[in-house]
Amino acid sequence: MTSDHAADLTSETLEARARRHLWLHFTRMSSYQGNDVPVIVRGSGQYVYDTRGKRYLDGLSGLFVSQIGHGRAEVAEAGARQATELAYFPLWSYAHPRAIELAERLAVLAPGDLNRVFFTNGGSEAVESAWKMAKQYFRTIGEPSRYKVLSREIAYHGTSMGALAITGLSDIKTPFEPLPPGGVRVPNTNFYRAPGFVADDVTAFGRWAADEIERAILREGPDSVAAVYLEPVQNSGGCFPPPPGYFARVREICDRYGVLLVSDEVICAFGRLGYYFGSQRYGYQPDVITFAKGVTSGYAPLGGMIVSDRLMEPFGTGPTTFLHGITFAGHPVSAAVALANLDVFEKEDLLGNVRANEDAFRATLGKLMDLPIVGDVRGDGFFYGIEMVKEKTTRETFTGEESERLLRGFLSHALYDAGLICRADDRGDPVIQLAPPLTCTQEHFDEIEQILRSVLTEAWKLI
Ligand SMILES: Cc1ncc(COP(=O)(O)O)c(C=O)c1O
């Protein structure tokens, strides 16, 4: 088509053009037939602005991405400088300076012997790359029957076919079956919904959940299992932190059966939990870390995996090549932006800011527990989920139809209209997810709490 509107950025035309031509991700497009498509045009600090100039507190850092906040000229300029110097060169056989510097810097920050970085464009590719690496690694060392991957119920690990086979959300998998074989589910660490026999003891619950991984390995056959994928704090379902002792027990189990522990830190790395890596917060040593999102704070796309020296060994000696590559992975502009992003982390001690303010964030959100609709407030660092319930004492949840009415019919729009970007989701039970920029302090927590309080109070009247 030709367009007379190319330069017309007024809200009406942008919204109409979005409705006509843009396909939004994970979005029921029909819901925009009679409604405005929200169009965000700029950002500054912890806030973003729509076409009409209305301000929103970015309580989800876009999509768990904008750690340093919006509008940082020095990070944008680092990207522009790099594009002028060397816009593109592949990492197939060649290297370029920014990829080298970033790989080295990530190896220094990563725990233990995680010293080798394979770049991707984002999280799904990172998750899938780690699976391919694990499969080829085991073939190379003479254990070719290991290909299965364990992951937790309701966990989200991405949408490409391989990553989707690892994702634990049946609704988003079914339309694309058959998926690559080998995905096996184990329980997650949702203590609020723990089975009765461990519901009063979080440590016993953690022990049970970890032991379920061992039972799954034994059931599947230890010789067939390549890896277990776990997020430090599981996002999907509304923030499930690990119970005490959980990861220590998982590490023991992985070591006993020769299974790789992949820490999927696409959300939890780069300060979300007050550390560069979530595994550092909970004191466990992964064999692989997958990352994306916060590594650039979204000023350019980038992801990757950081692999242990031990796993690299068969690929670093002899004729073996990792038979995998992606044209734009480790793009020079993205790598330059990531380095500038990490400079901001250091200069402004953003990890320190999260650690200094996380108790205040928790306490401020915790005030919402006096509302009848709020069943649970859970998380760590700057990463929280608020579970909504129909009946607080029994923890009764909403039916599918009620949840649809509550989340899609009311909450998503009402929170946005009230000036808060967050996410109302029912991939498990209905939750509101929060992950604000790491620069936030008490004034932002108060703003989040006040908006949630008034919108959730309204929501309760509709039930
Ligand atoms: C834990 C985890 N893994 C993988 C992914 C997939 O990342 P991407 O959307 O960049 O492909 C996500 C995305 O949110 C995620 O949260």
Side-chain angles (χ1 to χ4, degrees), residues 23-27 60-67 118-134 149-169 171-173 176 179 183 185-186 188-189 227-242 261-273 277-279 281-282 286 288-306 326 328-331 334 337-338 379-385 421-423 425 427-428 431 433-435:
W23 200 339
L24 303 179
H25 298 207
F26 279 117
T27 302
L60 203 63
S61 299
L63 197 56
F64 313 98
V65 166
S66 308
Q67 317 293 72
F118 184 95
F119 286 114
T120 65
N121 294 296
S124 299
E125 284 178 0
V127 163
E128 196 150 328
S129 297
W131 193 7
K132 289 182 78 174
M133 185 278 301
V149 184
L150 272 51
S151 59
R152 296 185 289 201
E153 281 154 8
I154 318 177
Y156 182 87
H157 293 285
T159 49
S160 60
M161 288 299 209
L164 195 57
I166 301 173
T167 284
L169 291 152
D171 283 6
I172 65 166
K173 293 160 72 110
F176 309 105
L179 294 169
R185 292 297 84 68
V186 292
N188 58 46
T189 60
V228 50
Y229 276 65
L230 304 171
E231 290 168 89
V233 173
Q234 179 175 322
N235 171 51
S236 203
C239 264
F240 308 144
L261 174 51
V262 179
S263 193
D264 183 358
E265 307 211 9
V266 166
I267 288 178
C268 291
F270 304 107
R272 181 59 48 211
L273 299 170
F277 296 98
S279 41
R281 176 172 184 132
Y282 302 116
V288 182
I289 288 178
T290 50
F291 65 90
K293 299 192 187 257
V295 66
T296 59
S297 286
Y299 286 77
L302 187 70
M305 61 172 168
I306 317 177
I326 304 154
F328 283 137
H331 192 284
S334 301
V337 159
D380 269 331
F382 275 15
F383 188 28
Y384 273 83
I421 308 274
C422 61
R423 184 160 154 174
D425 194 60
R427 287 176 171 186
V431 291
Q433 294 168 304
L434 293 162

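When a ligand or atom number is given, it counts from 1 through the structure's own listing order. Index from 1, following the sequence.
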- request: Would you check if the side chain of S61 reaches a backbone N or O of Q67 as a donor-acceptor pair within less than 3.5 Å?
  value: no
At less than 3.5 Å, what protein N or O atoms come close to the N or O atoms of ligand 1? Include the distances to 0.1 Å.
residue: ligand 1; atom: 3 (N); partner: D264; partner atom: OD1; Å: 3.4
residue: ligand 1; atom: 3 (N); partner: D264; partner atom: OD2; Å: 2.7
residue: ligand 1; atom: 7 (O); partner: S124; partner atom: N; Å: 3.3
residue: ligand 1; atom: 10 (O); partner: G123; partner atom: N; Å: 2.8
residue: ligand 1; atom: 11 (O); partner: S124; partner atom: N; Å: 2.7
residue: ligand 1; atom: 11 (O); partner: S124; partner atom: OG; Å: 2.6
residue: ligand 1; atom: 14 (O); partner: K293; partner atom: NZ; Å: 3.0

- prompt: Is the side chain of E265 donor-acceptor paired with the backbone N or O of S279 at a distance under 3.5 Å, no angle test?
  reply: yes
Backbone of R152 reached by a side-chain donor or acceptor of N188 within 3.5 Å: no
query: Ignoring hydrogens and geometry, is there a side-chain-to-backbone donor-acceptor pair from Y229 to V127 under 3.5 Å?
result: yes
message: Checking R185 now: which residues fulfil salt bridge (Lys or Arg N to Asp or Glu O under 4.0 Å) with it, not counting sequence neighbours?
response: none
message: Tell me if a side-chain donor or acceptor on Y282 pairs with a main-chain N or O of P241 at a distance below 3.5 Å.
response: no
